[in-house]
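Reckoned from all heavy atoms, side chains included, excluding hydrogens, waters and symmetry mates. All chains are named by letter (A, B, ...) in the order of the sequence lines, taking the proteins before the strands, and each is independently numbered beginning at 1.
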Number of protein chains: 2
Amino acid sequence: MCRVSLIPIRPGGQGGPRNSAQPAADTERRDAARNRELLLRAARGLIEECGAAGLTMAALAQRAGVGKGTVFRRFGSRAGLMMTLLSDAEAAFQGRFMFGPPPLGPGAEPLERLIAFGVERIAWVLEFGELARAAEESPYNRFDVPAAVLWRRHLEMLLREAGVTADPWLMAASLSATLEPERLLHAVEAHNLAPERLAGSWRDLVTRVVRGA
Amino acid sequence: MCRVSLIPIRPGGQGGPRNSAQPAADTERRDAARNRELLLRAARGLIEECGAAGLTMAALAQRAGVGKGTVFRRFGSRAGLMMTLLSDAEAAFQGRFMFGPPPLGPGAEPLERLIAFGVERIAWVLEFGELARAAEESPYNRFDVPAAVLWRRHLEMLLREAGVTADPWLMAASLSATLEPERLLHAVEAHNLAPERLAGSWRDLVTRVVRGA
DNA sequence: AATATAAACGGACCGCAGTCCGTTTATAAC
DNA sequence: GTTATAAACGGACTGCGGTCCGTTTATATT
């Protein structure tokens, strides 16, 4: 005796939400654009006051002066909103590891790039962690969000370049598990772990993985 | 303008819930014991019919013929209920890696034990994964649940025995991240990954970590 | 300017986890 | 048997994420 309650793959009803930070293509109604700006501004303000964990969708709607339905139409879900708020920082990080200067960007040895990736990622999480954690509260996915897929592919590529031939896809998945925001934040917040220690452990782990052929 | 909403460390109000499967000490009122049995029986039935994800606390209360408050008094939270339901399987697994026969239990080489630990854990997660996933939906902790602490300590000990001297505590944390139910289940369910491939990758990872001094 | 229409809007509504607090009851003491 | 009391009980209530659907409106077309 249980309602079947099938899994909502795409929470936004029929039309997928436009959850991007940029104006999202040419055709967009003025009111929609204005409301998105209003909502993003209100969200940032609310987070500044209450923290990301303290933001509720109803409060956001009220502060922005729009209906709750509009909030969900824009962002699809709370996690979608958080991802939108993160998208600039995320894109900047992506740019750095794909096109930036070594050792993070191309030009350095694969192992050095792997080390730099983790170290920078740890710093990134410690800066934007509260948002990142909130963005991962999506009921499903979270592993198949575009950004996460991209990191894993990047790690996989570096592993291959470094000569790790045994199932680099899964190895990249394991390594990225180590870098998940929730884990890192928990270590720092609950155990008072120094960020440098996290970075050191990452260096050690990835070095062993590459060298231990 | 936001309600401060402080973090509920222990959800059960003043007195902690008795969320153990066994009768939990000598002094327990008859009605409480009877209701716990009723609730556990009802929970198992409900999960059989609807899956762990489909179990709601209200439905459980109704099926057991008790009030909703009683359910939360017993188990503290939904995650607490799931942990209680898992506790037998969990204890059995703990017994095997602590006192059982090699290569999982004592007697084998540390690296062999590490490999066996991951392989058995993967099999365990694939068997009880739905429950385990539901048990990890606790808003905070999840890393500091007794069972999780115990695995990490076990991994840490094996790493030390295997000669891994560089921050074995964090290394154990990284390794256990690889084995988290949500990750493993996602790989198997969403990417149709063969369990043997997971096991193979674990073997490879842990071998590299130990050998790559 | 009038009209058509697809898009956006808004807020009542739903289901669920978790809480509160007045009521009931098992147990022990006498 | 009576009484005291701590424990357990139950269900109305709250807050939140998310949905539905009737209403409004921006924009294109004529």
Side-chain angles (χ1 to χ4, degrees), chain A residues 2-19 24-36 38-39 46 50 53-62 64-82 134-135 137-140, chain B residues 2-19 24-36 38-39 46 50 53-82 134 137-140:
Chain A
C2 42
R3 313 196 176 291
V4 183
S5 89
L6 52 163
I7 303 161
I9 300 295
R10 209 60 170 126
Q14 51 279 36
R18 288 110 183 77
N19 58 349
D26 35 18
T27 19
E28 183 182 43
R29 270 171 52 165
R30 283 284 154 72
D31 51 352
R34 184 181 51 88
N35 279 342
R36 191 186 42 235
L38 247 39
L39 281 167
L46 222 38
C50 318
L55 179 148
T56 73
M57 299 302 262
L60 173 59
Q62 187 177 19
V66 306
K68 211 173 144 186
T70 302
V71 183
F72 281 91
R73 159 174 290 268
R74 278 300 129 209
F75 304 109
S77 67
R78 192 173 180 279
L81 165 69
M82 300 299 180
E137 274 167 13
S138 179
Y140 282 83
Chain B
C2 42
R3 311 200 177 286
V4 184
S5 91
L6 52 166
I7 304 161
I9 300 295
R10 209 66 172 113
Q14 52 279 32
R18 287 108 183 78
N19 58 348
D26 33 19
T27 19
E28 185 184 39
R29 271 171 52 165
R30 284 283 156 69
D31 50 351
R34 184 182 50 88
N35 280 341
R36 189 183 46 234
L38 248 38
L39 281 166
L46 221 39
C50 318
L55 178 148
T56 74
M57 298 302 260
L60 172 59
Q62 187 176 21
R63 178 153 173 159
V66 305
K68 211 173 146 190
T70 301
V71 183
F72 282 91
R73 159 172 290 268
R74 277 301 130 209
F75 303 110
S77 68
R78 201 182 118 98
L81 166 68
M82 299 299 182
E137 274 167 14
S138 180
Y140 282 81

[atom1] of [X] to [atom2] of [Y]: how many Å apart, nearest 0.5 Å?
X: Leu46(A); Y: Leu55(A); atom1: CG; atom2: CG; answer: 4.5 Å
X: Arg63(B); Y: Thr56(B); atom1: CZ; atom2: OG1; answer: 11.5 Å
X: Leu38(B); Y: Arg74(B); atom1: CG; atom2: CZ; answer: 11.5 Å

### Message
Base, sugar-phosphate or nothing for Leu55(A)? Non-hydrogen atoms, less than 4.0 Å.
### Response
sugar-phosphate
May I have the distance from [X] (atom [atom1]) to [N] (atom [atom2]), rounded to whole angstrom?
X: Met57(B); N: dG15(C); atom1: CE; atom2: C1'; value: 15 Å
X: Leu81(A); N: dG18(D); atom1: CG; atom2: C1'; value: 14 Å
X: Gln62(A); N: dC16(D); atom1: CD; atom2: P; value: 12 Å
X: Phe72(A); N: dC13(C); atom1: CZ; atom2: P; value: 18 Å
X: Leu60(A); N: dG17(D); atom1: CG; atom2: C1'; value: 13 Å
X: Glu137(B); N: dG18(C); atom1: CD; atom2: C1'; value: 14 Å
X: Leu46(B); N: dC16(C); atom1: CG; atom2: P; value: 11 Å
X: Phe75(A); N: dC16(D); atom1: CZ; atom2: P; value: 19 Å

### Non-neighbouring partners of Arg34(B) that pass side-chain hydrogen bond (donor to acceptor under 3.5 Å, both in side chains), sequence neighbours left out
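Applying side-chain hydrogen bond (donor to acceptor under 3.5 Å, both in side chains) to Arg34(B) gives none.
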### Test salt bridge (charged side-chain N to carboxylate O under 4.0 Å, His left out) applied to Arg78(A) - qualifying residues, sequence neighbours left out
Glu137(A)
Would you tell me if any nitrogen or oxygen in the side chain of [X] comes within less than 4.0 Å of OP1 or OP2 on [N]?
X: Asn35(A); N: dA8(C); answer: no
X: Thr70(B); N: dA8(D); answer: no
X: Arg74(A); N: dC9(C); answer: yes

### Task
Report the nucleotide, chosen from dA8(D), dC9(C), dG17(D), that has the shortest atom-to-atom distance to any side-chain atom of Arg73(A).
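Selected nucleotide (nearest to the side chain): dC9(C).
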### Message
Side chain of Thr56(A) only, heavy atoms from C-beta on: which candidate in dG17(D), dA17(C), dG10(D) is closest?
### Response
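Nearest nucleotide to the side chain: dG17(D).
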### Task
Specify the residue among Ala58(B) and Ala32(A) whose closest nucleotide of DNA chain C lies further upstream toward the 5′ end.
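This one resolves to Ala32(A).
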### Task
Using heavy atoms to find the nearest nucleotide of DNA chain C for Ala33(A) and Arg78(B) separately, return the residue whose nucleotide is more 5′.
Ala33(A)
### Message
So, using side-chain contact (heavy atoms from CB on, under 4.5 Å) as the criterion, who are the partners of Ala33(B) when residues are at least two apart?
### Response
Glu28(B)
### Query
Is the base of dA12(D) touched by the side chain of Lys68(B) through a donor-acceptor pair closer than 3.5 angstrom?
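No, the side chain and the base share no sub-3.5 Å donor-acceptor pair.
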### Query
Using a cut-off of 4.0 Å between protein heavy atoms and nucleotide atoms, how would you tag nucleotides 24-30 of chain C 5' to 3' with B, S and -?
-BSS---
### Over all atoms of both residues, closest heavy-atom pair of Ala64(A) and Leu39(A)
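Smallest heavy-atom distance, with atoms named: CB-CD2, 3.5 Å.
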